[in-house]
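Here, residue 1 is the first one in the sequence, and each next residue gets the next number. The basis for the numbers below is simple: all heavy atoms, side chains too, and nothing from hydrogens, waters or symmetry mates. For ligands, and for the atoms within them, numbers begin at 1 and follow the listed sequence.
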Amino acid sequence: MRGLLTLKDLKEEKIIELIKYAEKLKRGFRISYPDKKIATLFFENSTRTQYSFQVALMNLGIKVVDFDTQLSSIAKGETLYDTVRTFEALGVDGVVIRHSKDEYFKELENIKIPIFNGGDGKANHPTQSLLDLMTIYEEFGKFKGLKCCIVGDISHSRVAHTNIEVMQRLGMEVYISGPEMFNDHCAPYLPLDEAIEKMDIIMLLRIQFERHQEKMNMTKEEYHEKYGMTYERMLKMKEKAIIMHPAPINRGVEIADSVAECEKSRIYKQMTNGVYIRMAVISDSLDGNL
Ligand code: NCD
């Protein structure tokens, strides 16, 4: 299948190449595809991923076909496959899809146009990981040997699962932390206060209430105190260490309001980098390389 569905399909050299291409685009390099049309199909809520894909498409001179899942024939029982097949038949050159089902793209094997995965259930979020990696590369100029701890609702997080796999491949030391009920043992566990003092990167996650089967066994205030990035914890981080978060952020839960935009936070830089990473991925695919 064409496009970008999971980072597991990309070799380490290709990942670095995409980051370098995104950096070149960030420095002002422009390329344009005025005859192309790409549809965005978001079956789950999204602010950043959806609109940063749209801004990326606009920056590449590509026309955006904005699919409204509420007004579509999905409500009449049309399947995901038939919906995507329709866009292909309409002559659209690619689709961006976010869906709550893990690996929804396995149903789309007969689709020939590129598919750009904007997140599938708890499994993959390839462009989010690439923008995270770009932000880390800009900061440290390398991956090998860097220590990162991902904190929070690991078991329901496609961001955690995607990042852990790719970060380990790139030679980073990756740990997880947070409540035991969210620990799915996909990386070694570190108590938060130990992680705070030792890591180069602390990546916080939102609690994914919409994916929970069971109710969380603590209040948001208790979560903040035990597992949140408080101002006091931030002060204990290494001098050059940074704080990341894919957002949406819940101020006062996983991150204190005063920390969200502090000098260690790269949260808004991650969003900016997301536009360039998505431009790089789409452009590389339209050029026949992905
Ligand atoms: C994340 C997602 O949707 O997976 N956000 C994002 O894409 N920037 C994380 C989240 O929803 O908490």
Side-chain angles (χ1 to χ4, degrees), residues 3-8 22 40-57 69 95-105 115-136 148-167 176-179 181-182 184 186 201-212 216 220 223-224 227-229 242-255 259-261 265-279 281-282:
L4 182 59
L5 303 170
T6 153
L7 285 191
K8 290 173 199 147
T40 53
L41 286 66
F42 278 73
F43 296 93
E44 273 193 340
N45 292 1
S46 172
T47 300
R48 267 150 298 276
T49 307
Q50 176 167 212
Y51 294 101
S52 97
F53 261 113
Q54 293 197 1
V55 171
L57 291 167
T69 49
V95 285
V96 180
I97 304 177
R98 167 172 286 191
H99 202 281
S100 58
K101 188 169 174 198
D102 285 20
E103 301 187 319
Y104 65 79
F105 44 81
I115 300 171
F116 304 99
N117 186 4
D120 57 293
K122 307 181 287 316
N124 301 279
H125 199 346
T127 57
Q128 178 68 43
S129 283
L130 287 175
L131 75 88
D132 290 341
L133 293 174
M134 175 178 177
T135 308
I136 292 170
C148 173
C149 186
I150 308 183
V151 185
D153 186 353
I154 306 291
S155 55
H156 299 97
S157 171
R158 51 190 170 218
V159 176
H161 295 140
T162 313
N163 269 332
I164 289 166
E165 188 277 326
V166 71
M167 284 176 174
I176 55 175
S177 192
M181 70 178 294
F182 298 142
D184 62 2
C186 55
I201 301 141
I202 297 282
M203 182 178 288
L204 305 163
L205 300 174
R206 179 182 68 88
I207 307 165
Q208 307 265 305
F209 289 106
E210 73 277 21
R211 291 183 220 287
H212 291 183
M216 195 170 72
K220 290 180 178 174
Y223 183 95
H224 186 63
Y227 305 110
M229 179 60 82
I242 58 168
I243 298 168
M244 298 177 72
H245 191 316
I249 56 173
N250 285 302
R251 292 176 188 243
V253 187
E254 69 274 9
I255 187 163
V259 178
E261 293 178 63
S265 166
R266 297 293 176 271
I267 299 173
Y268 290 91
K269 191 171 190 188
Q270 287 173 264
M271 296 178 204
T272 305
N273 286 345
V275 172
Y276 298 106
I277 275 292
R278 290 173 176 124
M279 287 171 74
V281 167
I282 293 163

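With values rounded to the nearest 0.5 angstrom, Thr272 atom OG1 is found 9.5 Å from Met134 atom CE.
Considering only non-hydrogen atoms, atom 3 (O) of ligand 1 lies nearest to Arg158 out of Gln128, Met271, Arg158, His125.
Geometrically, ligand 1 and Glu210 share no nitrogen or oxygen pair separated by less than 3.5 Å. Taking distance alone, with nitrogen or oxygen atoms compared against 3.5 Å, Pro246 approaches ligand 1 more closely than that limit.
Looking only at side-chain heavy atoms (C-beta outward), Ile154 and Cys186 come within less than 4.5 Å of each other.
Seen from the ring of Phe53, Arg278 counts as a face-on cation partner, given the 6.0 Å and 45° thresholds.
In this structure, the protein non-hydrogen atom closest to atom 10 (C) of ligand 1 is Gln208 NE2, 3.2 Å. Counting protein heavy atoms only, atom 11 (O) of ligand 1 is closest to Arg206 NH2, 3.0 Å.
Under 4.0 Å from ligand 1, the heavy atoms of Ala247 that appear belong solely to its backbone. In Arg98, the part holding a heavy atom less than 4.0 Å from any atom of ligand 1 is the side chain.
Look at Glu44 and Lys101 and you find no salt bridge, because none of the NZ, NE, NH1 or NH2 atoms lies under 4.0 Å from a carboxylate O.
Here the rule is salt bridge (Lys or Arg N to Asp or Glu O under 4.0 Å) with Asp102, and of Arg158, Arg211, Lys122 only Lys122 fits it.
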| request: Take His212 and Phe182 through the test ring-ring contact (aromatic ring centres under 6.0 Å, His included) and record every step on the way to the result. | output: CA-CA 10 Å; His212 291 183; Phe182 298 142; 5.2 Å; yes

